[in-house]
Peer 1: 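Sharing a structure here in structure tokens format.
As a basis for the values below, the full set of heavy atoms in this structure was taken, side chains included, without hydrogen atoms, waters or symmetry mates.
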Amino acid sequence: MPEAAPPPGQATSRSTQALSRRALLGRAALLGGGAMPALPWIASCAAQAAPREDVATLVGAIAAEQNLIAAYEAARSANASQAARLDPVLAHHRRHLAVLKRHYVPGSGNRADEGGAIPSQVAARVPAGAAGLAALRDMEDRAARGRMADAAKAGPALAQLLASIGACEAGHAMTVKGGAPPVRSRSDAEALQAALAAEHAAVYGYGVLGARLRGTLRQTAKDLWNVHRARRDQLVSFLSVAPVAAASAYRLPVQASSARGAAQLAAALESGLVPAYVGLAGVSSPDLRAFAADSAQRASAWAARWRSRSGAAAPSEAFPGLPSAALSPRPEPGE
């Protein structure tokens, strides 16, 4: 039975639809045939306005970047000799601000009722010399912590941006720091040397166990070997006396005769670093204490991951690396 003729006006519409379908198919053929593929990477390159619930978080991050820019501009005026160090960091903050404002999209309506308008930049006074650099470092530390907290509150897309900015700011804190943290006493130097000796052993041990691993585990071991080499070099840079030398060989706590043994050895190496860094956390320099606390946490986390790989049980201690005498408060003189 022949198909009925379409009503007047629909013939043109159908022919247009057919042409559109043929055009889409032609594009699909150019891209390799088949259906027209989705291209999510195109959408991801375009800045989108922050969702309503994220606007207050975004405004806070914008305000923080504006204030950092003001502080760096003031620091640059007070410390002209530090321009080569400060200018790249200032450029980063200006880029951060530009991208954050791109997400705010002020032209898309009145955003004030969604979380607040962008506040004005706060004028900053930064002293000259080392005090000014220390002030900038503290500001970067606070900003990095703020972006970490913001990332926990924001939606996934904005959280990634905020986490990336926070990571950049954490690096800035080291960039503007200038110089190694002070080693103020003989006991500080001894604690540094103990941590350095532990890192020497870890570097040696990872070199041994890497040969027993394959695939991703071997790459992980190689990455951590490089991490411990970097930590070793940092500790050496902190010392103003001759650093303790690495031994030609170390007696390892576990024989890495298999992949499981290699994972057990890695866990033992990381666990062995924890008491050394906990000891370093008791020195007088705040910067060294922060470095030690961070290192102890990282070593403990990697020890747990390697134990999981090897099937070993978790340790029972609640205070890893802490001497039992430190569990009670130290008496003050005269008590």
Side-chain angles (χ1 to χ4, degrees), residues 170 173-174 177-210 220-256 262-307 310 312 314-331:
M174 296 299 294
K177 184 176 178 180
V183 179
R184 295 173 177 167
S185 68
R186 180 175 178 179
S187 60
D188 286 9
E190 290 172 352
L192 270 170
Q193 297 279 34
L196 176 57
E199 286 290 7
H200 281 320
V203 169
Y204 175 87
Y206 269 102
V208 171
L209 68 87
T220 298
K222 182 179 179 181
D223 291 342
L224 287 172
W225 178 69
N226 284 320
V227 166
H228 289 296
R229 292 173 68 209
R231 293 263 162 173
R232 174 200 65 191
D233 294 344
Q234 280 183 287
L235 290 167
V236 169
S237 73
F238 297 157
L239 285 163
S240 56
V241 297
V244 62
S248 57
Y250 289 84
R251 179 175 293 177
L252 298 175
V254 178
Q255 292 299 315
Q264 290 174 338
L265 173 57
L269 293 171
E270 297 288 355
S271 296
L273 286 164
V274 175
Y277 280 118
V278 169
L280 185 59
V283 301
S284 56
S285 168
D287 290 336
L288 282 178
R289 292 200 299 269
F291 174 83
D294 176 68
S295 300
Q297 290 178 17
R298 290 174 187 272
S300 185
W302 275 109
R305 294 183 194 183
W306 284 117
R307 279 195 301 272
S310 68
S316 58
E317 68 266 20
F319 299 94
L322 191 68
S324 57
L327 293 174
S328 299
R330 298 175 183 176

Peer 1: For a quick test of your reading: what N or O donor-acceptor pairs under 3.5 Å do the side chains of residues 295-304 make, sequence neighbours left out?
Peer 2:
residue: Ser295; atom: OG; partner: Arg231; partner atom: NH1; Å: 2.1
residue: Ser295; atom: OG; partner: Phe291; partner atom: O; Å: 2.9
residue: Arg298; atom: NE; partner: Asp294; partner atom: OD1; Å: 3.1
residue: Arg298; atom: NE; partner: Asp294; partner atom: OD2; Å: 2.8

Peer 1: Are any of the side-chain heavy atoms of His200 and His228 separated by less than 4.5 Å?
Peer 2: no

Peer 1: Hey, mind stepping through Gln234 and Arg229 against side chain to side chain contact (heavy atoms under 4.5 Å, CB included) and telling me if it holds?
Peer 2: CA-CA 9 Å; Gln234 280 183 287; Arg229 292 173 68 209; over 6 Å; no

Peer 1: Throw together a table of side-chain donor-acceptor distances under 3.5 angstrom for residues 272-284, partners on residues two or more places apart or in other chains.
Peer 2:
residue: Tyr277; atom: OH; partner: Glu199; partner atom: OE2; Å: 2.6
residue: Ser284; atom: OG; partner: Asp188; partner atom: OD2; Å: 2.7

Peer 1: Show the nearest heavy-atom pair for residues Pro243 and Leu196, with the distance to one decimal.
Peer 2: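 So the two residues come closest at CB-CD2, 3.5 Å.
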
Peer 1: For Ala242 versus Gln193, what's the shortest heavy-atom pair and its separation?
Peer 2: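 That closest heavy-atom pairing would be O-NE2, 3.0 Å.
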
Peer 1: Please walk me through it: do Ser271 and Arg307 pass side chain to side chain contact (heavy atoms under 4.5 Å, CB included)?
Peer 2: CA-CA 10 Å; Ser271 296; Arg307 279 195 301 272; 3.5 Å; yes

Peer 1: For Trp225 and Gly207, which heavy atoms make the closest approach, and how far apart are they?
Peer 2: CD1-N, 4.0 Å

Peer 1: Applying side-chain contact (heavy atoms from CB on, under 4.5 Å) between Leu192 and each of Val183, Val236, Val244, Val241, report the one that passes.
Peer 2: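 Only one of Val183, Val236, Val244, Val241 forms a side-chain contact (heavy atoms from CB on, under 4.5 Å) with Leu192, namely Val183.
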
Peer 1: Quick one: closest heavy-atom pair of Ala268 and Val254, and the distance?
Peer 2: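 Closest approach of Ala268 to Val254: CB-CG2, 4.3 Å.
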
Peer 1: According to the side-chain hydrogen bond (donor to acceptor under 3.5 Å, both in side chains) rule, which pairs have a member within residues 242-256, sequence neighbours left out?
Peer 2: none

Peer 1: Report the distance from atom CG of Leu209 to atom OH of Tyr204, rounding to the nearest 0.5 Å.
Peer 2: 11.0 Å

Peer 1: Check Ala263 against Trp306 and note the closest heavy-atom contact, atom names and distance.
Peer 2: O-CB, 3.5 Å

Peer 1: Which heavy-atom pair separates Leu265 from Pro253 by the least distance, and what is that distance?
Peer 2: CD1-CD, 3.9 Å

Peer 1: How long is the straight-line distance from CG of Leu252 back to CG of Leu269, given to the nearest 0.5 Å?
Peer 2: 6.5 Å

